[in-house]
Every structure is written in C-alpha cells, then in structure tokens.
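Structure, as structure tokens:
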Amino acid sequence: MSALRSRSALVLTGLQRDYCDPRGALAASGVDVTPLSSIVPQTRTLLGRARAAGATVLHLVEATLPSGRSDSRVWRASKLRVSTTARLDLEEEIVPDLRPEVGDLVIERYRSGGFVDTRAEVLLRSNRVGTIVLVGVETHAAVLATAIQGSGLDYDIVVAEDCVASRDRRLHDAALDLLRVWARVLPAMSCGELFEAASERRQMARRGS
Amino acid sequence: MKTIWGKPVAETLEELTHPSRTALLVVDVQNDFCASNGYYGKEGKRLTEIDAAIPRIEALVAAARRADVLVVWILQTILPEARADSPSWLRRRTRGVVPPEWTLDGSWGQRVVEPLAPRTEEPVVKKHRSSAFVSTPLDLILRSNEIESLVVCGTVTQGCVESTVRDATFFDYYVTLATDCVATIDPKLHDASLLCQSTRCDFASSEGIMAVWAGARSGSPPDVALGRSV
C-alpha cells in the first residue's frame, strides 16, 4: 500500500442524540431507537482501542443549517431525512458515551453519505488514511451510503458488524448483505486488532529506520 | 440573454446577479488576515487595501441582505497539530520552520473581522485549502438554494479569492468579481491576479452590483426577468 495512504481511521456516523436518544428527533417521530442506542457500549470499546492505537478518529454528525439552508427539495422529500437540529456545537450533539476527545476530528454532514460535500476527504487525505473502519447508524442509510462512496474513492472499507444498527432488523440484515459487496464486514474485536496491528507496523518501521 | 447551441446564457450584469439566483460569497475576511492585531497585522504586512475594502464589503453585504441575496461566509481554518494539512500542503504553508498558526479553529483569529458579522441564518463554511470548493459543503449549500450565480468578495486576491473564483467557474456557476471588494497585502500581486481573473469571470464594481440588487424586483425568477431582454 502507498505510504501516503497507509493509516487507518475509525469513522463514526450518526451516533448522535437526534438518532440514538429517546428524546431525539427520530424518537419524536415515533421510532423506537433502542436498536440504535444498543450499539453504543461496544462502539465505545472500539473507539478506545482506536485511540489507544493512534488511529485517526472522525465523527460525522448529521446536521441541518438554520432556515433549512442545507436542504434541497429532493433531500427534504427523502425518506432518509431526519429533522436533525441545527446545533452550533456538534460535540454536544454526539451521544455522551462517545464524546470526542482532543485529537478527534468532528465534522458536519448534510446528507446520508459522509463524502457528499463534506470535509471528510481533505481530512482523511491529510492524515494519510487508506483504511476506514466504519461504525454507526443507520446500517441501511448513512453506513451503506458512506461505504459505497468511500469504496469508490479508493478507501479500503471495513464495517464493524456489531457496531452498526438500523431501526428495523430486516433493513439492517439486507444492508449488511449489500455492505459485503463493498466492504469487509468484521466483528468489532477484529477491527480493534486491525488498529493495533497497524500501530505495531508503524513502531517497527520507526525502529527499523 | 444569449442563446448558444440552444442554451440560454446570461449576458448582462442584471442577468448575472439577479437576487433570486445569486449568492454573495464573502471569502476569508477574518481577523488573522484583516485586523491590525491579527496574524498579518502582527507580521507587519500591508493592510492598507484590505482596510479600505472592509467598509465596501460591509455595504455590499447589507445590500445583499436587503435584496434577499443569500450571503455565504467562507472561513479559512487550521486544525490543531496540522490535522487538516497533508505533507505537500505543509510544504506550501511553511515559510519558516513551522507553518503559520493562522485561523486556528475556534480562535479569535479565525473569526470574521468586525464590523462584519454573519447572521444566524447565513451559512458559514470552513475550508482547509485555498479554494472554498475543495472538500467543503459549499456546492451542496448553493445547490440546495437553487443558486446559479455568485458575486465574490474578500481576501486575499491572489490566494483564496482567485482559487475560489476559478473553481466556481468549473462548478458551473456564473461568477462576478466585485473588484473594489477584494484586496491583498501586495498591490503588485493584486494587479497580476486581477489580470488573470479577467480571463475567467465578469468584473463589476460593488456600486454597479448594488444598483442591480436595489432595482431588481426580488421574487421574480430570472428566467422570467430574463425573458424580455435579448
């Protein structure tokens, strides 16, 4: 792999109050968000392992600009659109157990796909990231969209299967089948090992040079 | 309006800056580039032209708001520990041993220079490179608001303004540069940049643009407004 793209990143998408919190926008629309919040503990563990191994951590937070300035007619009509609030403080919107730490990258997104007109690419490139471990909600929406886009942009995509969820089990299962087309779908335990192996390779390279 | 290969192409300043389809881009008018105690100011850079442009930008922004022209603010942004910088970009940014820590995310230097101030409903777009179109939500915001024309002002002429203007034309927006509302720290670079930009976009004075905005009946879509001119 090119040394320019030898690093790994943990990318978290949609793990925010408006999706996962029973007082958030999705729950307010009558959806039971328990399946979404249930992945938070194992995601927190994986996040800890990624940070400890020195991986880049990128939080993608879905947002809507004040006065709906980020909404097109098509997006407003989309079944995937949740009325995310126009919070000025993105970090406050992230679920508390996954709160960003110093060094994490936090950016807004205005559509499902994490690469649709966001700062994701310039940040991943700047940190020489070639492999993305993807976690978050929902499997059939933001996770699938981001995996397909990222794969098309030549990132090696890995999905941590126990750290993704949809409101509906059938949608989740169908999306995981589709994700296997674009990505390696692995248990979170193996994703953690992937970060640690990359960290060891970097240390060996440093000692060798 | 001209017709070229069956396609309607805007021609006059009225057509190029019609309020309902135009956004005003205010590029990098931030403390670190414009304020006397910002990065450039403390480095002793020449702020004469920038100081002179700020009141004109203020008037242009006010005119845009009166005519319901969407105002979009662009902010150069550096992240701690160069997290938004690639090796090649670090080489570009580094004049001495360390890259300048200007426009650090969340800092006073990153903020828009007073008396300019974005309103709550006006989009603010952070960027990590010179062009406001590189890996930002700018195109999405413009698309979402059915914008097809841009009026561009801000700093610095040969840097972020020129890069943003060039990319805007590649993203298929009509571009009008408000020539008296762009400025830089070196008059020679300013003139050289304007000469190059004159091959890419339309030029107008802020006075001319404001006259169009004051005269336009806001709400009448350009295709209707444009239909009567030939």
Side-chain angles (χ1 to χ4, degrees), chain A residues 2-7 9 54-58 60-78 81 86-91 100-129 149 153, chain B residues 23-25 65 68-93 99 104-106 111 118-148 163 167-168 171:
Chain A
S2 156
L4 283 173
R5 291 292 195 98
S6 59
R7 303 285 185 111
T56 294
V57 174
L58 173 65
L60 291 167
V61 183
E62 189 166 308
T64 306
L65 282 176
S67 312
R69 286 296 192 193
S70 49
D71 279 352
S72 63
R73 291 168 202 235
V74 171
W75 181 236
R76 220 171 280 147
S78 165
R81 186 185 178 283
R87 273 184 233 273
L88 295 177
D89 188 346
L90 292 177
E91 305 201 1
E101 288 184 0
V102 175
D104 288 8
L105 302 166
V106 183
I107 61 172
E108 68 282 19
R109 62 172 170 82
Y110 300 113
R111 300 290 185 268
S112 293
F115 292 99
V116 176
D117 294 29
T118 67
R119 289 184 282 147
E121 264 225 278
V122 70
L123 292 174
L124 292 170
R125 273 203 310 269
S126 292
N127 292 286
R128 294 179 285 157
V129 170
Q149 287 189 318
L153 293 165
Chain B
L24 174 64
L25 288 196
R65 287 170 178 161
D68 281 329
V69 168
L70 175 66
V71 180
V72 182
W73 302 80
I74 310 296
L75 294 188
Q76 185 63 33
T77 300
I78 300 298
L79 296 185
E81 299 176 340
R83 285 183 189 278
D85 294 328
S86 63
S88 66
W89 191 244
L90 277 174
R91 177 174 164 83
R92 192 77 268 129
R93 281 210 319 116
L104 190 66
D105 202 14
R111 257 183 261 156
R119 288 187 176 166
T120 322
E121 70 277 13
E122 292 170 349
V124 177
V125 174
K126 295 177 189 176
K127 67 177 168 67
H128 300 306
R129 297 293 183 267
S130 303
S131 164
F133 286 93
V134 171
S135 218
T136 70
L138 178 58
D139 187 44
L140 176 146
I141 292 166
L142 298 174
R143 275 198 322 267
S144 295
N145 293 284
E146 298 174 359
I147 298 299
E148 56 188 33
S163 291
D167 275 359
F171 275 74

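Chain letters run A, B, ... following the sequence lines, proteins first, then strands; residues in each count from 1.
Of the residues considered (Leu70(B), Thr136(B), Val134(B), Val125(B)), Thr136(B) shows the highest number of contacts with chain A, using heavy-atom pairs under 4.5 Å. Counting heavy-atom pairs closer than 4.5 Å to chain A, the top-ranked of the candidates Val124(B), Ile141(B), Asp85(B) is Asp85(B).
In this structure, the portions of Asp139(B) lying under 4.5 Å from any heavy atom of chain A include both its backbone and its side chain. Heavy-atom distances place no part of Glu81(B) under 4.5 Å from chain A, backbone and side chain included. When heavy atoms are compared at a cutoff of 4.5 Å, Leu79(B) approaches chain A solely by way of its side chain, counted from C-beta outward. Using a 4.5 Å cut-off between heavy atoms, Pro80(B) makes no contact with chain A at all. At a 4.5 Å heavy-atom cutoff, the contact between Arg143(B) and chain A is made by side-chain atoms alone. With a 4.5 angstrom heavy-atom cutoff, Ser126(A) touches chain B via backbone and side-chain atoms both. With a threshold of 4.5 angstrom between heavy atoms, Glu146(B) approaches chain A through side-chain atoms but not through N, CA, C or O. With a threshold of 4.5 angstrom between heavy atoms, Leu65(A) approaches chain B through side-chain atoms but not through N, CA, C or O. Both the backbone and the side chain of Ser70(A) come within contact range of chain B, each with at least one heavy atom under 4.5 Å from a heavy atom of that chain. Contacts between Val116(A) and chain B at a heavy-atom distance below 4.5 Å involve backbone atoms as well as side-chain atoms. Contact of Arg73(A) with chain B is made through the side chain alone, with heavy-atom distances under 4.5 Å.
For Arg111(A) against Leu140(B), the heavy-atom pair with the smallest separation is CG-CD1, 3.6 Å. Residues Arg129(B) and Ala84(B) come closest through the heavy atom pair NH1-O, 2.7 Å. Closest approach of Trp75(A) and Arg81(A) over heavy atoms only: O-CD, 3.2 Å. Leu90(A) and Ile107(A) make their closest contact through CD1-C, 3.8 Å (heavy atoms, listed as atom of the first residue, atom of the second, distance). When all heavy atoms of Glu121(B) and Arg69(A) are compared, the closest pair comes out as O-CG, 3.6 Å. Shortest non-hydrogen contact noted between Lys126(B) and Arg119(A) is O-CD, 3.6 Å.
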Quiz item: Hey, mind stepping through His128(B) and Thr77(B) against side chain to side chain contact (heavy atoms under 4.5 Å, CB included) and telling me if it holds?
Solution: CA-CA 5 Å; His128(B) 300 306; Thr77(B) 300; 3.9 Å; yes

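Taking CG from Asp105(B) and CG from Leu75(B), the interatomic distance works out to 9.0 Å, rounded to the nearest 0.5 Å.
Annotation for Arg76(A): atom CZ counts as buried by contact number, over 12 foreign heavy atoms lying within 6.0 Å.
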